[in-house]
Structure formats: structure tokens, C-alpha cells
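Structure, as C-alpha cells:
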Amino acid sequence: MGKLVRFGVSMDERLLKTLDKVVERRGYPTRSEAIRDLVRTEQVRDVWQKGKGAVVGTLTLIYDHHVRELNEHLVNLQHDHQKIVHSTMHVHLSHRMCLEVIVLRGRPRQIQRLADRLIAARGVKHGRLVATSGEDLV
Ligand code: NI
């Protein structure tokens, strides 16, 4: 852990009320912890926007495995990107529906492009990429 620095923050009291609502709603122990998380969120967003360096993402897909050739298509796409597909978890949700969580590691644009293609596949009912990073977070 680096050196801990204290600093004063001035803000409109209405903005402070908004911060306190966030603190209460999400259960932060202190305002400081909430602010640290907000800064980290910006840090992750910044890394993704710059597009440089390695990041991590988790892609959640819900799909109907009865749709013809969908399984094969999803697996082929992942094999074609084996350098960024770190691991996959599959859950059979029902007779028809599958949940897949794919951990992706690589450059932001590569990850986004692959996620977009997987989500766009016919038979995928819902997909969401959670863009995060990890190595540089304080
Ligand atoms: Ni399944």
C-alpha cells in the first residue's frame, strides 16, 4: 500500500448529499471508501478508452442452444481468439437456455470486438460485457 494522503474537498452541499446517498445505498463504511471506488471506476474507464495495455473483461451470455449451429459458432469464435479467451463457465439454465460466462484477457478493442460478435450471434438472447482491469488498480 502507498502512502495515505488526506485532502480537503469542497463541494455544493447538494452534491455532498448525493454522495452520502450513494454511501448509504451501497453500504460504504466511509465517504473515503466511496470516493476511492469512484476514482477506480474512472481509472478502469480510462484504460479501456485509451485502448492500450492488457485488461480483463467478463462476458455473460444467455442463449438458446436449440438454435441451429449456434453452439458450434460460439465455440469456433472462442477458439479463433484463444489468446484472449481465458476461461469459460457454462450453466444449463433450463432444457433450452444456457448461461455462459467467459473471462477475457487482452487489449480492450480485441475484447470488445469479440464480445460484440458473440452477443450478436443469432440465438443469443442477452449479453453483457463487464469491462474491468486489475493489474494497476490501487
Ligand atoms: Ni447448456
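Just so it is clear, the values below take in all heavy atoms, side chains as well, and ignore hydrogens, waters and symmetry mates. Numbers for residues simply follow the sequence, beginning at 1.
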* If you draw a 6.0 Å radius around NE2 in His86, do more than 12 non-hydrogen atoms from other residues or ligands fall strictly inside? -> no
Could you go through residues 111-133 and list every donor-acceptor pair under 3.5 Å that involves a side-chain atom there, pairing it with any protein atom two or more places apart or in another chain?
from: Gln112; atom 1: NE2; to: Asp116; atom 2: OD1; distance (Å): 3.0

* Structure fact -> Nearest heavy-atom contact between Val22 and Tyr28 is O-CD1, 4.1 Å
* Glu24 and Arg31 ion-paired at < 4.0 Å -> no
* If Ile, Leu, Val, Met, Phe, Trp and Tyr residues are connected whenever their side-chain heavy atoms lie under 4.5 Å apart, and connections chain through other members, are Met89 and Leu59 in the same group? -> no
* To do: State plainly whether one hydrophobic cluster holds both Ile35 and Met11, where clusters connect Ile, Leu, Val, Met, Phe, Trp and Tyr through side-chain heavy atoms under 4.5 angstrom apart.
  => yes
* To do: Examine distances only and state if a side-chain atom of Arg96 and a backbone atom of His65 form a donor-acceptor pair shorter than 3.5 Å.
  => no
* To do: Identify whether Val9 and Val23 are in the same connected component of the hydrophobic contact network (ILVMFWY, side-chain heavy atoms under 4.5 Å).
  => yes
* Atom pair NZ/CG of Lys83 and Leu104 - distance to nearest 0.5 Å -> 15.5 Å
* Asked: Stepwise, does the side chain to side chain contact (heavy atoms under 4.5 Å, CB included) test hold for Met97 with Tyr63?
  -> CA-CA 6 Å; Met97 303 304 286; Tyr63 65 89; 5.8 Å; no
* List the steps and the verdict of salt bridge (Lys or Arg N to Asp or Glu O under 4.0 Å) for Glu42 and Arg36. => CA-CA 10 Å; Glu42 277 310 303; Arg36 285 191 280 267; over 6 Å; no
* ILVMFWY network linking Val39 to Phe7, side-chain heavy atoms under 4.5 angstrom -> yes
* **Nearest-0.5 Å distance that lies between atom CG in Asp37 and atom OG in Ser32** => 11.5 Å
* **Arg68, CZ atom: more than 12 neighbouring heavy atoms under 6.0 Å** => no
* To do: Give the cluster check for Val67 versus Leu99: same hydrophobic cluster or not, with ILVMFWY residues linked at side-chain heavy-atom distances below 4.5 Å.
  => no
* Decide yes or no for Leu93 and Ile62: does some side-chain heavy atom of the first lie under 4.5 Å from some side-chain heavy atom of the second? => yes
* **Side-chain heavy-atom pair Val56, Arg105 within 4.5 angstrom cut-off** => yes
* Distance-only donor-acceptor check, side chains Gln78 and Thr88, under 3.5 Å -> yes
* **Least distance between heavy atoms, Gly53 atom then Pro108 atom** => O-CD, 3.4 Å
* Considering only heavy atoms from C-beta outward, does the side chain of Ile102 approach that of Leu61 to under 4.5 Å? -> yes
* His66 and His95: CA distance, side-chain angles, deciding distance, side chain to side chain contact (heavy atoms under 4.5 Å, CB included) verdict -> CA-CA 9 Å; His66 286 177; His95 181 65; 3.7 Å; yes
* Structure fact -> d(Lys17 NZ, Asp12 CG) to nearest 0.5 Å is 10.0 Å
* Between Glu72 (side chain) and Glu69 (backbone), is there a donor-acceptor pair under 3.5 Å? -> no
* Between NE2 of His90 and SG of Cys98, what distance do you get to the nearest 0.5 Å? -> 3.5 Å
